[in-house]
Structure formats: C-alpha cells, structure tokens
Amino acid sequence: MNTKIGALVKTSLVDFPGMVSTVIFFKHCNLRCPYCYNVSLVNGIDEDDFVSLDDLKNHLRKRKNVISGLVISGGEALLSPYTKEVILFARELGYKIKLDTNGTLPEKLEELLKSPELKPDFIAMDIKTSPSKYGQLLNASKPEDKTDYAQKIKHSVSLLKEFMNGHYEFRTVLVPTLIKSSDITEIGSLIPKESCWRLAEFKNENCLEPLYNSLPPYTEKEELELEKLAKSIIPDAKIR
C-alpha cells in the first residue's frame, strides 16, 4: 500500500519508558489544540517524508532485533484505520506496544483493552485542560460537534485504571491559556492518586494557531509552582 499514513521516527530513546522504540504518528485528529505543532498530521496533509503502511512494516521487520517497542501516536491514533493491523503485525514480530491517545474516544479505547491481541502494553493519555473546557478551548474538528468531552475523558481514565494495571501515564502541557492552578486541581482530582502524571513545558513554535507562537511560556518559577500543586494531589507528578 502506497497511501501515506503518517510520520515515522525510526529510533527513539524517550517515547516508550525503558525501551528503544520506533514511533509512528498517524494522520488526523478530532481535536484542534491551538498549541499543537503537528499541523500536517492534524490536518491530514501529506508531507514528503511521510511513510506508507508497507514502509512501516518493512522497517519493523528490518529492525526487530534492535528495536523492542513500537509507539503508536498521532494525530489521534485511535482514529486511524491502520491501528489494529499495525498492533497485530508488530506483536507477531515481538514488539511491545505503547499507545498515545487524547482520551476522547473511550469506545475505541475499550475495544482495544478488551482484546488480548490488541491491548497495548503501555498507554500515555493526554489531558489538555479541565475536561469541562474541552469544547470551548480545544475545538472539535467539526464546530457543530457538541460532544460531552468531560464524560469521555472520565470514561477513558476509568478504563485505564480498570484494564492497565498501572501501566499507563497521564500527560499535560503547561500552556498558559489552558493550564492554570484551578485546572491542575481539577485534572488531579480526576485521575487515580497512584498515577504517573508528567507535565511538559509549552513551546511556542510552529503552533496550529499562529497566535500561540507569540504566547510566552510559563517562567521556571511558575512551572515549579504548578508542579508543586500537582504533586500535592498526585505524588508521582513532575515536569519531564
């Protein structure tokens, strides 16, 4: 198949905890986070360096004795028609599977988690801001979409707790317009207390919404204050 499916990072030391991995970033996303830097992926626009499904499979075959993990990301990985096929293919080659998801598609997530063949070995779920703000701040790909994102995020959190036996983490980018102390408190109250919660610095470069390229990130002092608040709720919370 020559259809371009997304971007491939052939070798990563940071995307799968404890493993050398390959990362496939599938095209398309159901959110439009203004700070997102994967503009082509989100909008489904092919780039010259994007790969086909056959390219990905050939790489996984070639590197199976060197790479131990495959990270399936996006865009939003659960939207891709290739996710299940890639999981099954990689698993047959002996790869461990990590899934990155935004948590807004709990029905698709549950389908994977209930299948022994498809269930990822590790899941990282992004929580962008207070779930009640998703529709207002993150804009569905279709403006008329009135999805109750708060319920979907809560459902996905409960699925990770039920099925993943601690093999998951939550991630939040410290974007000044989206994450304030009240948002840290709301997110922290939503996720299990024993969770791993990783905070990341906002980078104002190549943002989907150009105005965010001029948005100053939090200062180091402000970031540490948010980290301290997060740790007071979730002990294993820290800036990565």
Side-chain angles (χ1 to χ4, degrees), residues 4-17 20-51 56 71-80 98-104 124-131 133-141 143 149 153 169-184 187 196-230 237-240:
K4 300 294 186 180
I5 63 172
L8 180 68
V9 174
K10 293 183 177 180
T11 305
S12 170
L13 302 177
V14 299
D15 287 280
F16 198 149
V20 179
S21 64
T22 284
V23 187
I24 180 66
F25 293 91
F26 283 128
K27 295 190 299 183
H28 301 298
C29 190
N30 60 325
L31 297 180
R32 293 295 182 270
C33 303
Y35 63 91
C36 181
Y37 59 87
N38 289 324
V39 177
S40 296
L41 290 170
V42 168
N43 290 326
I45 300 171
D46 286 346
E47 297 284 353
D48 291 340
D49 59 351
F50 278 10
V51 299
L56 173 61
V71 179
I72 301 176
S73 191
E76 170 48 50
L78 292 177
L79 285 177
S80 174
K98 174 176 176 271
L99 174 74
D100 292 345
T101 181
N102 63 30
T104 64
M125 178 176 152
D126 293 320
I127 302 184
K128 314 288 188 176
T129 184
S130 297
K133 295 181 179 178
Y134 269 51
Q136 172 190 356
L137 296 176
L138 301 181
N139 297 323
S141 55
Y149 288 105
I153 294 295
E169 70 177 18
F170 296 99
R171 307 184 302 194
T172 300
V173 180
L174 299 177
V175 185
T177 58
L178 299 177
I179 295 294
K180 303 183 185 302
S181 58
S182 59
D183 301 301
I184 290 288
I187 296 170
C196 171
W197 187 12
R198 295 297 174 256
L199 310 174
E201 179 185 1
F202 161 63
K203 297 186 182 300
N204 53 353
E205 302 171 357
N206 305 313
C207 296
L208 180 64
E209 169 50 64
L211 289 175
Y212 274 63
N213 293 326
S214 302
L215 178 67
Y218 280 123
T219 65
E220 182 179 2
K221 179 181 178 181
E222 290 169 331
E223 288 182 348
L224 291 175
E225 288 174 350
L226 291 172
E227 180 189 53
K228 182 179 179 180
L229 175 60
K238 63 181 180 181
I239 297 173
R240 175 146 52 197

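In what follows, residues are counted from 1 in the order of the sequence shown.
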At what distance, to the nearest 0.5 angstrom, does NZ of Lys4 lie from CD1 of Ile45?
15.5 Å
Closest contact, heavy atoms only, Pro176 versus Pro216
CG-O, 3.4 Å
Point-to-point distance, once rounded to the nearest 0.5 Å, from OH of Tyr35 to CG of Leu174
10.0 Å
Going from CD1 on Ile187 to CD1 on Ile127, what distance comes out if it is rounded to the nearest 0.5 angstrom?
6.0 Å
Rounding to 0.5 Å, atoms CZ (Phe25) and OG (Ser40) come to a distance of 13.0 Å
So do Phe50 and Ile5 actually touch side chain to side chain, heavy atoms under 4.5 Å?
no
Closest non-hydrogen atom pair, Gly44 against His28
CA-CE1, 3.5 Å
Name every donor-acceptor pair, under 3.5 Å, that has one atom in a side chain of residues 220-228 and the other anywhere in the protein, sequence neighbours excluded.
unit_1 : atom_1 : unit_2 : atom_2 : d
Glu222 : OE1    : Thr219 : N      : 2.9
Glu222 : OE1    : Thr219 : OG1    : 3.3
Glu227 : OE2    : Ile239 : N      : 2.9

Note: Leu99 and Ala77 closest approach over all heavy atoms is CD1-CB, 3.7 Å
For residues 37-48, pull every pair meeting salt bridge (Lys or Arg N to Asp or Glu O under 4.0 Å), keeping only residues two or more places apart or in separate chains.
Lys27-Asp46
Under 6.0 Å from the OH atom of Tyr218, do we count more than 12 heavy atoms belonging to anything else shown?
yes
Minimum-distance pair of heavy atoms, taken over all atoms of Pro131 and Ile153:
CG-CG2, 4.0 Å
Could I get the full list of side-chain contact (heavy atoms from CB on, under 4.5 Å) partners for Cys196, not counting sequence neighbours?
Glu169, Arg198, Asp236
For Leu79, give me all partners under side-chain contact (heavy atoms from CB on, under 4.5 Å), at least two apart in sequence or on another chain.
Asn30, Glu76, Leu105
Salt bridge (charged side-chain N to carboxylate O under 4.0 Å, His left out) filter on Asp126, not counting sequence neighbours, yields Lys128, Arg171
Only pairs at least two apart or in different chains count here, so list each side chain to side chain donor-acceptor pair (under 3.5 Å) that has a residue in residues 172-183.
Ser130-Asp183, Lys133-Asp183, Thr172-Trp197, Thr177-Tyr212
Do you know which of Leu31, Asn38, Asn213, Val39 makes side chain to side chain contact (heavy atoms under 4.5 Å, CB included) with Leu208?
Val39
side-chain contact (heavy atoms from CB on, under 4.5 Å) against Asp15, all qualifying residues, sequence neighbours excluded:
Ser12, Ser21, Val23, Val71
Would a distance-only check, ignoring hydrogens and angles, find a side-chain to backbone donor-acceptor pair under 3.5 Å from Thr22 to Lys10?
yes
Under 30°, 30 to 60°, or over 60°: which ring-plane class applies to Tyr149 and Tyr134, parallel, tilted or perpendicular?
tilted
Contact between Ile179 and Val173 at the side-chain level, heavy atoms closer than 4.5 Å - yes or no?
no
How long is the span from the CD1 atom in Ile184 to the CG atom in Leu229, to the nearest 0.5 Å?
6.5 Å
To the nearest 0.5 Å, how far apart are CG in Leu78 and OG1 in Thr101?
4.0 Å
Return the minimal non-hydrogen interatomic distance between Val42 and Cys36, and the atom names on each side.
CG2-SG, 3.6 Å
Verify, without hydrogens or angle tests, whether Asn204 (side chain) and Leu215 (backbone) share a donor-acceptor contact under 3.5 angstrom.
yes
Among residues at least two apart in sequence or on other chains, which ones pass side-chain hydrogen bond (donor to acceptor under 3.5 Å, both in side chains) with Asn43?
none
By ring-ring contact (aromatic ring centres under 6.0 Å, His included) - contacts of Phe170 (at least two apart):
Tyr168
